[in-house]
Amino acid sequence: MRINKYLAGCGVASRRKCEEYILQGRIAVNGNLVTELATEVNEHKDKVTMDGKLLSYENEAVYYMLNKPKGVISAANSRYGEKTVVDLIEDEENRIYPIGRLDKDTTGLIFLTNDGSLAYKLTHPRFEREKVYEAIIKGKIDIDDINKLKKGIMSEDEKLVASNVRLVKMIKGNSLVHITLREGKKRQVRRMCRAIGHPVVELKRISEGGIELGNLEEGQYRKLTRNEVRKLLTGK
Ligand code: URA
C-alpha cells in the first residue's frame, strides 16, 4: 500500500499530514530514509520508522499517565531542544504523544497514548471531560470571588467559566483551591485567577475524566489500568 496510507493506519496523522512528514525526511523504510510519496510499503514485512521510532500497523494501543514536572513541555517534539513529556517515558517502542496540554510551568496529570481516536475524543470540545486543578493563588479568596469564577469572567474576548471552585485551606496567607473546568481554553486557570485579582502561584492538574493523579511523584508515570482506559473512552 501507499506509504501515506500505511502511516495514517499506524495512527501517525492524516494521510496529507503524513505526506509532509515523508517530505521532511522523518520516515524510513527498512533503515532507508524515504522522501518519495509514491513509495509502497508491505505491512507484513517492512519495518517503518518515524524519527527513528518503529511504527506498527496493527498498532497495540498504549496509555500512560504522567505527573508532568515544571519546565517540561507537553508536546511530542520540541523545536528549541526543551525536554518533552514524551522524553520522560522510557523504553516505549510506539510513537506516543500527549493528549491535550499543560503549560510549561504547570505540573500534574497528563495522559499519553498512540491511540489517535482517544486523543481526538478527549481534545474535541464536544467530548470535553472534567478536569480538576489544584492551585495556590495569591491572597484570600472569598465567596464573591468564587461566584465570579463560577458565573464566568471575560478575558481576551472569551468567556471563561469554572464548573466548581472550592477553597481547601489557607497557606501562609495564600489560598489553596480546587478549580474544576469543563472547558480547556489556553492558560484558563491562570487567566481566570488573575482576572479576579488572585494570580496563580502554583498550578497542578490532579484529575481528568474522573481519573486521579493520586500519589504519583513528579516525573513518574504509569500505564493506565483497563478500567481507567474504559472510563476515558466511554466517560463511564
Ligand atoms: N490552566 C492553565 O492556566 N494552565 C494549564 O496548564 C492548565 C489549565
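Position 1 is the first residue of the sequence, and the numbers go up from there. For ligands, and for the atoms within them, numbers begin at 1 and follow the listed sequence.
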Path from I110 to Y133 over hydrophobic side-chain contacts below 4.5 Å
yes

Sub-4.0 Å atoms of ligand 1 with respect to non-hydrogen atoms of D103
2 (C), 3 (O), 4 (N), 5 (C), 6 (O)

Can you check whether R190 has an N/O within less than 3.5 Å of an N/O in ligand 1?
yes

Using distance alone, determine whether R187 and ligand 1 share an N or O pair under 3.5 Å.
yes

Measure T106 to ligand 1 on non-hydrogen atoms and call it side chain, backbone, both or neither using the 4.0 Å cut-off.
side chain

Salt-bridge contact E20-K17 (side-chain N to carboxylate O under 4.0 Å):
yes

Would you tell me whether R191 and S155 have side-chain atoms, one donor and one acceptor, within less than 3.5 Å of each other?
yes

Heavy-atom distances under 4.0 Å are what count here, so tell me which part of L181 touches ligand 1: side chain, backbone, both or neither.
neither

Between E156 and K186, does the salt bridge (Lys or Arg N to Asp or Glu O under 4.0 Å) criterion hold? Intermediate values first, please.
CA-CA 11 Å; E156 296 156 37; K186 211 170 117 207; 5.9 Å; no

Which atoms from ligand 1 have a heavy atom of Y133 less than 4.0 Å away?
7 (C), 8 (C)

If you have a sec, work out which protein heavy atom is nearest atom 1 (N) of ligand 1 and how many Å separate them, to one decimal?
V189 N, 3.1 Å

Would you check the N or O atoms of L102, main chain and side chain alike, for any that come under 3.5 Å of an N or O of ligand 1?
no

Are any non-hydrogen side-chain atoms of R190 and D105 less than 4.5 angstrom apart?
yes

Taking all heavy atoms of L232 and all of L224, pick out the closest pair and write down the distance.
CD1-CD1, 3.7 Å

